[in-house]
Amino acid sequence: MSRLTRRQMLSGIAACTVLGGVATNARLPFGISPASATAPDKAYPAAPQPPEGASIVDVDLIAKRRHGQILPPPAGASDIASYSDVPGLKLVRLRQGQWLRARLQNDLAEHTSIHWHGIRLPNGMDGVPYLTQAPVLPGQSFTYAFQPPDTGTFFFHPHCNTVEQVGRGLAGILIVEGDEQRASDADIVCAYRDWRLKPDGSFDAFMTDKGAATAGTFGKVATMNGVALPYRADLPSNGDIRLRLLNLDVTRIMEVGVEGTEAWIIATDGNPITPVKLETWKLGPAMRLDLLLRAPGMSGGKVQVMNYFSAQPVVLAEFTAAGAPLDRPAFVPAALRPANLAALNLDTAEQMPLRLSAASSGSSSDATKASGGPADVKLANGDVLRLADSLCLTPNTFWALNGEAWPDRSHKTLPPPLFKLTKGKTYIFEVNNTTSRQHPIHLHGHTFKVLDSSSQQILPHLADTVLVAPNERLRLAFVADNPGDWMVHCHIIEHQETGMMGYFRVA
Ligand code: C2O
Ligand code: CU
């Protein structure tokens, strides 16, 4: 990737304040011109240094367009984006206590960053362009370093133009081990996603107004671990199997179940739960479910992971018991070690309403115009470099949080936080879905407890993303113990990118 010369940049993007390859617009949210800037300077922290003697896992994540054969020939390879030349999703495994040091190299033609979904990390490592760090421009790199405090099943993804960057495949899985009190015989990751591909393998529009304004624009090619459904693998006969299910799609809500054996839920969004037998579980975009099950004792026995949230149940994965049966005592699902979260103080908790609604003006906003027009720059090699304005703003707003569509109407500055929370206090967000759609609502930097719902019996559980049904009022509680500015948004990415996003400040 060629780097822009200073002259090219100045001539091409007068309205943008990017100089000499350094993101000086870091303190000017949305790439606005200095004259109209009213946002205070924001100094973005660099990655913390792991202490002497720390055990560090180093990974290189090279965000880049690559060719991936998603559809079988005669369809061509698809113009995907990924973090590694190795096909498939990047999978990073750590032991609890280890540090992750991840060097993101941006070899894309647009800026990017990495958000570590579900990890309670220092704010500066949260990977939200403008809010917690400067966007990582083409040709630049950025190093993330943190020590995940919790075990579990997590993932990571970019946080601007997410609908396209994740739509093309840019995401990875992060597993923090160390929660098993009794080791399982197999630990299997199942990451689901759809692809918006045309029959010839090329990508279709990642986002449509119709989809963004309704349930989202669905992909046409369903995959588990990068292969067409159902994913197939062997299980050790009679073994204890840990299944980590991740819904990494940007749109699709699933209702998962297991056939062929009993399965027990042992963690929700990576957070341990007293094992409870799985009937079915709704898994919206970004949600994870860890299951424990006993593989059939007879070689050849089948276990299927199903999605019942469709006209006809869909087999997502099919496992076959293989080999001589392992000698195991009768199956009792073993609990994981509990998470180490600050205790909720519900008696003194402050209630905060969070209303999900349609945006008041349901259509085209002046976002890109107000910020100086789409800042696309044609590079010598034909690539189009897209900068802040056109990436982090959307021309349309359909959704809002507490009446505010992100970004606010003027787009002149970062909007104010939706909530200012006092560090250490317990808060109850009362999420009130006044729309006719479901929304998987995600909080950054914190793990919450889903307490109850106005419209359904809820199993209280810990989560970082929770599905809220139409007309449902759902209460979630958490201790605001992580200082900084944290996003709260819908994880149907088209909803997020058309207004259903805001942030809260913990200080
Ligand atoms: Cu996985 Cu702000 O998102
Ligand atoms: Cu939504």
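The structure presented is a predicted model; accordingly, all values stated were derived computationally and were not measured. Whatever order the structure lists ligands and atoms in, that order sets their numbers, starting from 1. Numbers here simply count residues along the sequence, with the first being 1.
- Atom NZ of Lys220 has more than 12 heavy atoms from other residues, nucleotides or ligands within 6.0 Å.
- A 6.0 Å sphere centred on CZ of Arg473 holds no more than 12 heavy atoms belonging to other residues, nucleotides or ligands.
- A distance of 6.0 Å or more separates the ring centres of Tyr503 and Trp486.
- In this structure, Arg193 is positioned above the aromatic face of Trp195, its NZ or CZ under 6.0 Å from the six-membered ring centre and within 45° of the axis.
- To the nearest 0.5 Å, the span separating NE2 on His461 from OG1 on Thr268 amounts to 5.0 Å.
- For the Cu ion (ligand 2), protein N/O/S neighbours under 2.8 Å (waters excluded) are His439 ND1, Cys490 SG, His495 ND1.
- For Tyr192 and Tyr231, the gap between ring centers reaches or exceeds 6.0 Å.
- The aromatic ring centroids of His446 and Phe504 lie less than 6.0 Å from each other.
- For atom 1 (Cu) of ligand 1, the nearby protein N/O/S atoms, meaning those under 2.8 Å, are His117 ND1, His157 NE2, His491 NE2.
- Between Tyr144 and Trp116, the gap from one ring centroid to the other is short of 6.0 Å.
- Taking the six-membered ring for Trp and the full ring otherwise, the centers of His491 and His157 sit less than 6.0 Å from each other.
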